[in-house]
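In what follows, every heavy atom counts, from backbone to side chain, and hydrogens, waters and symmetry copies are set aside.
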Amino acid sequence: STLRLQRQQAYRELYEQYSTDQQTADVVLIGRPYLVLDPIMNKGIPQVFGTLGVRTFFQDMLPEAPQIDTQYRDLLQEVPWYFAKAAIRAAVKAARTPGLYPVYVTAFKCGPDSFAVDFFRRIMEAAGKPYLVLELDEHDSAVGYETRIEAAVRTFRNHLQEAPPVADSPEALPEAAAEKPDSITKPPKNWIQGLGSRLPRFGLTGIRLPVIRLGQVGKLWSAGGDSPEEIPAQLRPWYRKNPRGATLLLPNWDSLTLPLLAAVLRGQGVDARVMPESESLIRRSLHTNTGQCLPMNVIAENYIETVDREGLDPAKTVLWMADANFACNIPLFPLYIRNLIHERGRGFEHTQLYVGEVTFKDISPLAPIHAYFAFLFAGILRRLGCRIRPYEYNPGQTDEVIAECLGLFQQVFENPGVDRLEVVKTVLAKFEAIPYDREARRPKIALFGDFYVRDNDVFNQDIIHTIEAHGGEVITTPYSDFAMMTAENYFARWLKEGQYVRLAAFKLLKAAMNYLEKAYQSEFERVLQQSAHSYDDDASDILARYNLRVDHSGETADNVLKTWYIKKHYPDVALFVQLNPGFCCAGLVTEAIASRIEEVTGVPVVSLTYDAIGGSKNDTIIPYIHAAVNQ
């Protein structure tokens, strides 16, 4: 709006009026406005700089530099968060401005900032400029930050005195105006707080110990050009365009689905393998985690160990990651994982990532059909196992049948000419032959949550068998069902955003899958003893019960839809169990609205977080299962 643009211009004029002539170190505070500008949240940090005679500015006050959006276009397109983009732009401006030093103010457990701070650090270290990162904690007063700030200011001033002059460039910010008042040595009192009073404020909780990091002084930023070489390689999200001709390794978030997806790729001529996962590997991945969603570190560590164990050449090995465009951390997984792998050295700096559609439509035109059936068949195997195993007469027989049938399905996808329907009938006959109590019923416990953890038997410490061992029957949601229950919500969003090509392609794919799946539905319904589920309720109406809109994307909105449909199709569900990895933003948000989920569905919710630091997380739900059994 016009008013907004006027305010932005007024902020920039403040910078032009009060910034120094590059002979005195100035500071720009980078971070979210509700954290940096709120006098309660920011712990008085702006005033601390003021008492030290340092002119202090907020990132919105820096002059525009549109060339940054051109140079950093690829990275900015990858970042899904508005404030993180603003922080990256401000970091580049500070890196290219002599005498201006950045202080990134963040809060404990802010997932988006865990990525943005890393990009910030790489930008500043490539520029050879010192910087400061302050991680706020609600238990500390401003006194706890003063010594850190004093040390940073000394470092900034020393660097300014020792640094050679930087050549003028189009990217450099304007020098001080001639009318700048020379007598000013400090910013006017509380002016940055006055700026904050004109912006909206938000509450924030869950903050811990303050952290300071001072960047090492290296070579100076080469200002004056816009070639890609000036952008640190770690900030360029460039990936392999085709996985053919290399060994493609797939993350193992589901022991049933991923082997079938790998078989689909092999059937299309790609040497695809699934990386095995272990509890010890998940624990080891913690050493590279600085607040990001833990599965990202697990995938990177798993890739390195798989290449080492199998004697593969990193230069001829490619890691597959799904292309995601919703507001979660996942869009940044490929770039961050690539950097973690490259930093290991030993040839891993030659590793490439292949970022492709989860439907594999970029592999071949027919691959999406095979991929969909891979998701469908894996989901049916898991659903059949959960339906039969708790009541089997011969313990372990169901798991043996699942392993056997998984092999049969792999052969189907490795050899696309095989009759799928005949193999499905063979598989279902094997399950029907399992002797089990067909009349017995246990309380139903439904799983939902993070996609990497929910069906990952290693990461979730075998939650399904834990529930069954204590008297429950597990309800799972196959990915094929999940796609159908969330499709209309995504379609509405893509239509609103003008993504017409994507919308048309996925609508066509959905229609084709509905048609092709009909041949199998009667077989599935007969063995599962339940009719096919429908997912045609108004998504906007469901989300509105949680003050959400179709504009909201990510796993929290998906979780809301999932719990709604589980309750609809299993009205006797006794308990929801939400599964999250450590540092999962969507998991924290979903956990925060757990009481609302219980109000809407009438089903209690228990949240489990797997942080890889040891202990049996699943013990938490055992009393809830026993309570459901007793009822």
(Q) Between Gln292 and Thr290, do the side chains contain a donor N or O and an acceptor N or O under 3.5 Å apart? (A) yes
Q.
Can you give me the closest heavy-atom contact between Val54 and Val153, atom names plus distance?
A. CG2-CG1, 3.9 Å
Q. Taking C-beta and beyond as the side chain, do Val600 and Val560 meet within less than 4.5 Å on heavy atoms?
A. no
(Q) Within the 3.5 Å criterion, strictly below it, is a donor on Asp538 or Ser540 matched to an acceptor on the partner's side chain? (A) yes
Q. For the ring pair Tyr11 and Phe58, is the centre-to-centre distance below 6.0 Å?
A. no
Q) Does Tyr34 offer a backbone N or O that forms a donor-acceptor pair with the side chain of Asp38 under 3.5 Å? A) no
Q | Side-chain (Asp26) to main-chain (Ser19) donor-acceptor, under 3.5 angstrom | A | no
Q.
Looking at Val36, is its backbone amide N or carbonyl O close enough to the side chain of Asn42 to form a donor-acceptor pair, meaning the two atoms are under 3.5 Å apart?
A. yes
Q. Between Tyr354 and Lys241, is there a cation-pi geometry (under 6.0 Å to ring centre, at most 45° from the normal)?
A. no
**Q.** Carboxylate-amine/guanidinium contact Glu16 Arg12, below 4.0 Å
**A.** no
**Q.** Minimum heavy-atom distance Val355-Pro334, with the two atoms named
**A.** CG2-CB, 3.7 Å
Q.
Does either side chain, that of Asp113 or that of Thr106, offer a donor lying less than 3.5 Å from an acceptor on the other one?
A. yes
Q | CA sep, side-chain torsions, deciding dist, call: Ile299, Tyr452, side chain to side chain contact (heavy atoms under 4.5 Å, CB included) | A | CA-CA 10 Å; Ile299 293 171; Tyr452 194 90; 3.9 Å; yes
Q: State whether the side chain of Arg157 and the backbone N or O of Ala152 hold a donor-acceptor pair below 3.5 Å, judged by distance alone.
A: no
Q) Minimum heavy-atom separation for Met485 to Lys562, with atom names? A) SD-CA, 3.6 Å
(Q) Show the nearest heavy-atom pair for residues Pro102 and Ile30, with the distance to one decimal. (A) CB-CD1, 3.7 Å
(Q) How close do Ala107 and Glu135 get, counting heavy atoms only, and between which atoms? (A) C-CG, 4.0 Å
Q: Let me see the working for Val103 and Val28 under side chain to side chain contact (heavy atoms under 4.5 Å, CB included), right down to the final yes or no.
A: CA-CA 6 Å; Val103 175; Val28 57; over 6 Å; no
Q: For Tyr565, enumerate each residue passing the ring-ring contact (aromatic ring centres under 6.0 Å, His included) test, keeping only those at least two apart in sequence or located in another chain.
A: Tyr535
**Q.** Gap separating the NZ atom of Lys507 from the CZ atom of Phe491, nearest 0.5 angstrom
**A.** 6.5 Å
Q) Could you state the interatomic distance from CD1 (Ile337) to OG1 (Thr351), rounded to the nearest 0.5 Å? A) 12.0 Å
Q.
Between Gln6 and Thr2, is there a side-chain heavy-atom distance shorter than 4.5 Å?
A. yes
**Q.** Derivation and outcome, side chain to side chain contact (heavy atoms under 4.5 Å, CB included), residues Thr56 and Val27
**A.** CA-CA 5 Å; Thr56 308; Val27 160; 4.1 Å; yes
(Q) Would you say that Pro251 contacts Trp320 through its side chain, given a criterion of any heavy-atom pair below 4.5 Å between the two side chains? (A) yes
Q. Counting distance only, does the side-chain N/O of Lys129 pair as donor-acceptor with the main-chain N or O of Thr97 below 3.5 Å?
A. yes
Q | Atom pair CD/CG of Glu349 and Asn339 - distance to nearest 0.5 Å | A | 13.0 Å
(Q) Which residue is it: Lys93, Arg89, Lys85? I am looking for the one with a salt bridge (Lys or Arg N to Asp or Glu O under 4.0 Å) to Asp69. (A) Arg89
Q. Salt-bridged, Arg122 to Glu125, with N to O below 4.0 Å?
A. no
Q: Test ring-ring contact (aromatic ring centres under 6.0 Å, His included) on Tyr336 and Phe115 and set out the steps.
A: CA-CA 8 Å; Tyr336 207 98; Phe115 288 88; 5.3 Å; yes
Q. Do Asp60 and Gln8 touch side chain to side chain, with heavy atoms closer than 4.5 Å?
A. no
**Q.** Point-to-point distance, once rounded to the nearest 0.5 Å, from CD of Glu13 to CE of Met61
**A.** 10.5 Å
(Q) Do Asn559 and Thr590 pair up side chain to side chain, a donor and an acceptor below 3.5 Å, judged on atom types alone? (A) yes
(Q) As an exercise, state the distance from CG of Leu588 to OG1 of Thr609, rounded to the nearest 0.5 Å. (A) 7.0 Å
Q) Regarding Lys43 and the six-membered ring of Tyr145, is the cationic atom NZ or CZ under 6.0 Å from the ring centre and inside 45° of its axis? A) no
**Q.** Ring centres under 6.0 angstrom apart (Phe120, Tyr131)
**A.** yes
Q. Is a side-chain donor-acceptor pair under 3.5 Å present for Asn297 with Thr288?
A. yes
(Q) Is the shortest side-chain heavy-atom distance between Ile231 and Tyr72 below 4.5 Å? (A) yes
Q) Under a 4.5 Å cut-off applied to non-hydrogen side-chain atoms, are Leu579 and Asp450 in contact? A) no
Q: Let me see the working for Phe119 and Leu335 under side chain to side chain contact (heavy atoms under 4.5 Å, CB included), right down to the final yes or no.
A: CA-CA 10 Å; Phe119 298 145; Leu335 177 59; 3.8 Å; yes
Q) How many angstroms lie between CD in Glu64 and CD in Gln9, if you round to the nearest 0.5 Å? A) 8.0 Å
Q: State, to 0.1 Å, how close Ser607 and Glu591 come at their nearest heavy-atom pair, and which atoms those are.
A: OG-CG, 3.5 Å
**Q.** Short side-chain to backbone donor-acceptor contact, His159 and Gly128, under 3.5 Å
**A.** yes
Q. Less than 4.5 Å apart, any side-chain heavy atom of Thr477 and any of Phe448?
A. no
Q: Please work out whether the ring planes of Tyr101 and Phe156 are parallel, tilted or perpendicular, with thresholds of 30° and 60°.
A: parallel
Q.
What I'd like to find out is whether the side chain of Pro80 reaches to under 4.5 Å of the side chain of Leu332, using heavy atoms alone.
A. yes
